[in-house]
K.L.:
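Mind looking over this structure? Questions follow.
These figures come from a predicted structure and were not determined experimentally. Because only heavy atoms are used, hydrogens play no part in the values below, and waters and symmetry mates are left out as well, while side chains stay in.
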Amino acid sequence: MRYVSPNLRLLFSPPLRPTLSVPLFISKPNPKPFSFSTILASSSSKRPRSFSNLSRRSNSTFKDRKGGGRDMTMEETTGQSKDSSSSFGLNKRRAEGRDKSDRPKKNPQLKERKLNPTNTIAYVQILGTGMDTQDTSPSVLLFFDKQRFIFNAGEGLQRFCTEHKVKLSKIDHIFLSRVCSETAGGLPGLLLTLAGMGEEGYSVKIWGPSDLNFLVGAMKSFIPHATMVHTQSFGQSPISDAAENVTAPIKASDPIVLVKDEVVKISAILLQPHCLQQSQIKPGEMSVLYICELPELMGKFDPKKAAALGLKAGPKYSELQHGKSVKSDRLDIMVHPADVMDPPVPGPIVILVDCPTESHLQELLSIECLNGYYTDVSSHLTESTKMVNCVIHLSPASVVSSPNYQKWMKKFGSAQHIMAGHGKKTLEVPILKSSARVTSRLNYLCPQFFPASGFLSLQHLNYSTSDDISSSEGPTLKICESIPAENLLKFTLRPYAQLGLDRSHIPTPMGQSQVVDELHLEIPEIADAAQHVREFWQELKESREVLPTSNDNGVMIEEPWLTEDTLPGCLENIRRDDLEIVLLGTGSSQPSKYRNVSSVYINLFSKGSLLLDCGEGTLGQLKRRYGVDGADKAIRNLKCVWISHIHADHHTGLARVLALRRGLLKGVPHEPLLVIGPRQLKRYLDAYQRLEDLDMQFLDCRSTTKASWDTFVRDGASNNDGSSPQSPRHSNAKNESMQEINQTLFAKGSRMQSYLWQPGSPVDHSAAYPFLKSLKKMLGEAGLEALISFPVVHCPQAFGIVLEAAERVNSVGKVIPGWKIVYSGDTRPCPELVDACRGATVLIHEATFEDGLVDEAIARNHSTTKEAIEVGNSAGAYRIVLTHFSQRYPKIPVFDETHMHKTCIAFDMMSINIADLPVLPKVLPYLKLLFRNEVAVDESDDILDALVFNFQFMYGEKEGKKSRLSLVGRRGQLQSNLIKDRGHTGFY
């Protein structure tokens, strides 16, 4: 169900005036419809109502119909702790993995289309995913009136489609040019999103070479099989039955027809490394060239020519248009279709080629079946020769620039070549323009927490577009005419009269200065606000000399940081190169226009770094923050990746990060990267590594709990007698220790037993021992004292994490305690979390829902803003950073300022240096100012879209379209009223 964002409540102080009167959200099957005036009017004695209330009502009703929502079984916790968190509710069925209400439908349906052979519109378009960050392959959209095809689905495709209003529900087929994290990293999230749409869910047909079977087999670890039943591989199949296989061709290079209907014929030609036998080809090495051929359209019938040949108007006209010859009515002749029809309209042809290596290029040059598409003067032209109109090259620049590849390109004669491989020119324009605009505005207001993007513009690169494709043969070789791909560049196929390039949809570059100028016009007081924010750092510098630090006498103080004049001891003489927390993704569930999914980058500077969760697009976010080269350096220096639980929005970016790290360190001595996560993640990674080497080691989160660490330490001490970890004596000690852990944390009757411990899934401590030893060494090198996982209440095998820095000694010999960071993962408030947060320097806590949606928070085992703050307050955390906001809050979530004295809300790319923690909460009111007007204007479209969606849901698509026509004309009135009401809100 579509949500209307409740951001409007954030700044409304007076009740809104009624402005429109139209039916709105419906909470029962046949109720009396609400009116806009009823909704917008509110009593001044109560908390102002807003669209968020409507969204909540409508959304809950929709879920109730599907068997979910507030009617789910919910139980109150009954722990022995006297903590306030023990009274928080939870959904026990969900925590145990038995809640099926939000799972994808059992039988997602392929969409049935009524095809139109005489398409009035057809084109190919570059979807620029990864073109600015170079972290993933761009996608290509083949568009028809009634069908959509996408080639490659790298990470960020979903977010790109949201930004540019490409409707995922309209996609019929996805084709992969290779099967790897670069081309398919966005598939898991895309499949889950489609499966959750509508009453039955949607599916999409996925095509790829035989390696696709390995990917499908890996995704089964966390994606229901029903969402992947329409995957089809082609070519010689490996030993796997995960995807249905299309019959392999007699020769590997023969074309395989995948789709053939009235609208288009799509064929695939396999490319494999040259001179390798089929048995020698490794998974991931197969590449594909796709040929898309539109049918020839019959010319227009000319009635004047028919009359001149003695034909009377009637059925014979129709026969001629269907290709049949007829006898003239007035003359003794036969009239043939060619006599009365205009010349046929040729069917355009598009080729997409992905040639990843020089070895694949040798195979490409030898493919005989392509001879029928070559039209240069050196080719032997025949009547069957087909003219290619456009060739889209997904090949890397290193291959494209080779002389042999250039000669191959010239064989297509006058075809338009579009170079979609990664090139420096594409760094100029951010692909996610809305997100980049918000980041630029945040940077202007507070550059300390929102540093400028790591990208350099072309003017700093001294770069010309010709650098992309250069020849090694010198100036005598003329480079084939081509253009670099740009985001949303189109090549029109139909109408045939418009055949060719269309640049009208390419986004206009927007510089930082332009964003700032617009900001000054929208919010004149923002300049003063930015000055006030800068003064905070000057005050901090001056106050460091006089601020007292908290006592370190070992006495627990519940709220040691309530007085802002008191610093925790760990911040004494802190260095800026000690710690930086970068929030790479702060949204939940699926990527949105303004917030990516979960990921936190822990930057320890010269001592390395860690990733806490790694949702789809994490690598792209790193490159937006640090630049392409800076992100590569960050990936090289990763010490560890920690994953909180198996939900897709927390780990589907992991394979891309690991694959890039393997490539960056190829030929350099290094250790495999340690990945710590729930045991289900190991099944996925093990299966995925059959496709692509990830160069990693896995450690179960349960092996890093405090009890497990204690066991490891005791086992290490008991091993001083010389016995090996594999000796019977040592193994018996491990088994005894494991039983002790099970009898405490997971004992029968324990709260956490149901949520974490599953029968038949013991932790193999003998296998974990060497990894724990490596982890202990890594922590020491990174200046960390401890990395401890603890169970939380969300789903089976869900965890939070504690990171503790080692103590340090200042210049006069004083021992300064290390800082402590706690990350909650996804969870309900629970005693385990509160205990872990005791005395934390920073608590990063999920706050998926606003305070008014506590029932939904319980049903889904998430937390509200207030609950997250209460956890931090009760545990005495110094600073609280709220994250993982529901995507119903696209820019800024709803919160109550009365409890925010040590709290701040997170935004993507927010970078919190540990030295700046004292300032963190002071910035919050200024962030509200930044979104004051923009939310009103931007949300008016969201409101209208939600209204129309509900009309369609209740009354059908036809009525929904009628309602949009009625509402669009009132958008301006709605925006002006929203902004007018916001004028009463200050930022102090």
Side-chain angles (χ1 to χ4, degrees), residues 135 155 181 185 188 218 221-222 579-585 596-604 607-623 625-626 631-665 670-686 688-689 692-704 768 771-772 774-779 781-782 784 786-789 797-803 821 823-826 844 883:
D135 64 307
E155 290 185 30
S181 58
S221 303
F222 62 95
L579 167 68
E580 180 184 50
I581 303 170
V582 183
L583 286 303
L584 297 174
N596 202 48
V597 287
S598 296
S599 184
V600 181
Y601 178 67
I602 304 298
N603 185 7
L604 301 174
K607 294 175 287 187
S609 58
L610 295 86
L611 272 175
L612 310 183
D613 279 335
C614 191
E616 178 186 336
T618 291
L619 178 58
Q621 293 290 86
L622 269 174
K623 295 201 173 191
R625 170 62 181 86
Y626 293 107
D632 287 350
K633 181 180 179 182
I635 295 298
R636 287 190 195 95
N637 294 334
L638 271 178
K639 297 290 186 181
C640 170
V641 178
W642 181 91
I643 305 297
S644 62
H645 62 290
I646 196 60
H647 286 167
D649 58 322
H650 291 259
H651 72 81
T652 48
L654 180 57
R656 186 74 194 105
V657 167
L658 294 175
L660 177 63
R661 179 182 180 272
R662 180 206 67 226
L664 292 172
L665 295 177
H670 67 279
E671 294 291 328
L673 187 64
L674 184 61
V675 175
I676 304 173
R679 70 177 185 279
Q680 306 102 310
L681 182 63
K682 184 178 188 300
R683 290 201 296 269
Y684 166 64
L685 294 174
D686 286 347
Y688 188 91
Q689 288 202 105
E692 192 172 13
D693 179 23
L694 298 180
D695 192 25
M696 48 77 65
Q697 297 174 326
F698 186 84
L699 184 61
D700 196 316
C701 278
R702 293 175 297 172
S703 295
T704 59
F771 299 136
L772 285 170
S774 297
L775 177 58
K776 189 73 175 176
K777 178 183 176 183
M778 179 275 290
L779 293 175
E781 294 172 350
L784 299 176
L787 182 157
I788 300 172
S789 303
Q797 298 288 307
F799 295 87
I801 185 175
V802 176
L803 290 175
I821 295 176
Y823 172 53
S824 70
D826 287 6
I844 306 171
T883 186

K.L.:
What pair of heavy atoms forms the shortest contact from Leu685 to Val675, and how long is it?
P.N.:
CD1-CG1, 4.1 Å
K.L.:
Given His670 and Arg636, is the side-chain contact (heavy atoms from CB on, under 4.5 Å) satisfied, shown in steps?
P.N.:
CA-CA 10 Å; His670 67 279; Arg636 287 190 195 95; over 6 Å; no
K.L.:
Distance check, rounded to the nearest 0.5 Å: Ile643 atom CD1 versus Phe799 atom CZ?
P.N.:
13.0 Å
K.L.:
How long is the gap from CG on Leu612 to OG on Ser824, to the nearest 0.5 Å?
P.N.:
11.0 Å
K.L.:
Short question: side chain of Thr652, backbone of Asp649 - any donor-acceptor pair under 3.5 Å?
P.N.:
no
K.L.:
Classify the side-chain pair Ser599/Asp613 by whether it contains a donor and acceptor separated by less than 3.5 Å.
P.N.:
no
K.L.:
Given the rule in the ring pair (Phe, Tyr, Trp, His ring centres under 6.0 Å) test, do Tyr626 and Tyr601 qualify, once you have shown the distances and angles that lead to the verdict?
P.N.:
CA-CA 12 Å; Tyr626 293 107; Tyr601 178 67; 5.7 Å; yes
K.L.:
Just checking, is any N or O donor in the side chain of Thr704 or Trp642 under 3.5 Å from an acceptor N or O on the other one?
P.N.:
no
K.L.:
Measure the shortest side-chain to side-chain distance between Leu699 and Leu772 over non-hydrogen atoms and say whether it is less than 4.5 angstrom.
P.N.:
yes
K.L.:
Gln797 and His645: side-chain contact (heavy atoms from CB on, under 4.5 Å), yes or no, with the steps?
P.N.:
CA-CA 6 Å; Gln797 298 288 307; His645 62 290; over 6 Å; no
K.L.:
Determine the minimum heavy-atom distance between Leu694 and Leu658, stating which atoms define it.
P.N.:
O-CB, 3.6 Å
K.L.:
Measuring from atom CD of Glu155 to atom OG of Ser181, what distance do you get when rounded to the nearest 0.5 angstrom?
P.N.:
7.0 Å
K.L.:
Under 3.5 Å, is there a donor on one side chain and an acceptor on the other for Tyr688 and Glu692?
P.N.:
yes
K.L.:
What is the distance from atom OH of Tyr684 to atom NE2 of His651, rounded to the nearest 0.5 Å?
P.N.:
7.0 Å
K.L.:
Please find the pair of heavy atoms, one from Cys614 and one from Leu611, that lie closest to each other, and give the distance.
P.N.:
SG-CD1, 4.2 Å
K.L.:
So which atom in Ser644 and which in Gly825 form the shortest heavy-atom distance, rounded to 0.1 Å?
P.N.:
CB-CA, 4.1 Å
K.L.:
Could you tell me whether a side-chain N or O of Glu616 sits under 3.5 Å from a main-chain N or O of Gly653, the two making a donor and an acceptor?
P.N.:
no
K.L.:
Quick check: are there more than 12 heavy atoms from other residues, nucleotides or ligands sitting under 6.0 Å from NZ of Lys607?
P.N.:
yes
K.L.:
Kindly determine whether Arg662 and Met696 satisfy side-chain contact (heavy atoms from CB on, under 4.5 Å), including the steps that lead there.
P.N.:
CA-CA 9 Å; Arg662 180 206 67 226; Met696 48 77 65; over 6 Å; no
K.L.:
Step by step, work out the side-chain contact (heavy atoms from CB on, under 4.5 Å) result for Val641 and Ile676.
P.N.:
CA-CA 6 Å; Val641 178; Ile676 304 173; over 6 Å; no
K.L.:
Give me the atom names and distance for the closest heavy-atom approach of Leu681 to Gly677.
P.N.:
CD2-CA, 4.2 Å
K.L.:
Can you find a pair of side-chain heavy atoms, one from Ile581 and one from Ile821, that are under 4.5 Å apart?
P.N.:
yes
K.L.:
Are the side chains of Leu638 and Val657 in touch, meaning some heavy atoms are under 4.5 Å apart?
P.N.:
yes
K.L.:
Any heavy-atom pair between the side chains of Thr883 and Ile844 that's under 4.5 Å?
P.N.:
yes
K.L.:
Within the structure provided, determine whether Leu674 and Leu775 are in side-chain contact (heavy-atom separation under 4.5 Å).
P.N.:
yes
K.L.:
For Leu619, is there any backbone N or O sitting under 3.5 Å from a side-chain donor or acceptor partner on Arg656?
P.N.:
no
K.L.:
Examine the side chains of Asp826 and His650 and answer whether a donor and an acceptor come within less than 3.5 Å of each other.
P.N.:
yes
K.L.:
Please examine the side chains of Ile801 and Ile788, heavy atoms only from C-beta on, and report whether any two atoms are closer than 4.5 Å.
P.N.:
no
K.L.:
Taking 4.0 angstrom as the limit, do Lys639 and Glu781 come out as a salt bridge?
P.N.:
yes
K.L.:
Say you draw a straight line from CD of Gln621 to NZ of Lys623; how long is it, rounded to the nearest 0.5 Å?
P.N.:
13.0 Å
K.L.:
To the nearest 0.5 angstrom, please state how far the CG atom of Leu610 sits from the CG atom of Asn637.
P.N.:
11.5 Å
K.L.:
Mind checking whether Ser609 and Leu604 have side chains closer than 4.5 Å, heavy atoms only?
P.N.:
no
K.L.:
Does Glu671, at its CD atom, have more than 12 non-hydrogen atoms belonging to other residues, nucleotides or ligands within less than 6.0 Å?
P.N.:
no
K.L.:
Strictly below 4.0 Å, N to O, side chains only: are Asp700 and Lys682 in salt-bridge contact?
P.N.:
no
K.L.:
To check you understand the geometry: which heavy-atom pair defines the closest contact between Asp695 and Gln689, and what is its length?
P.N.:
N-OE1, 3.6 Å
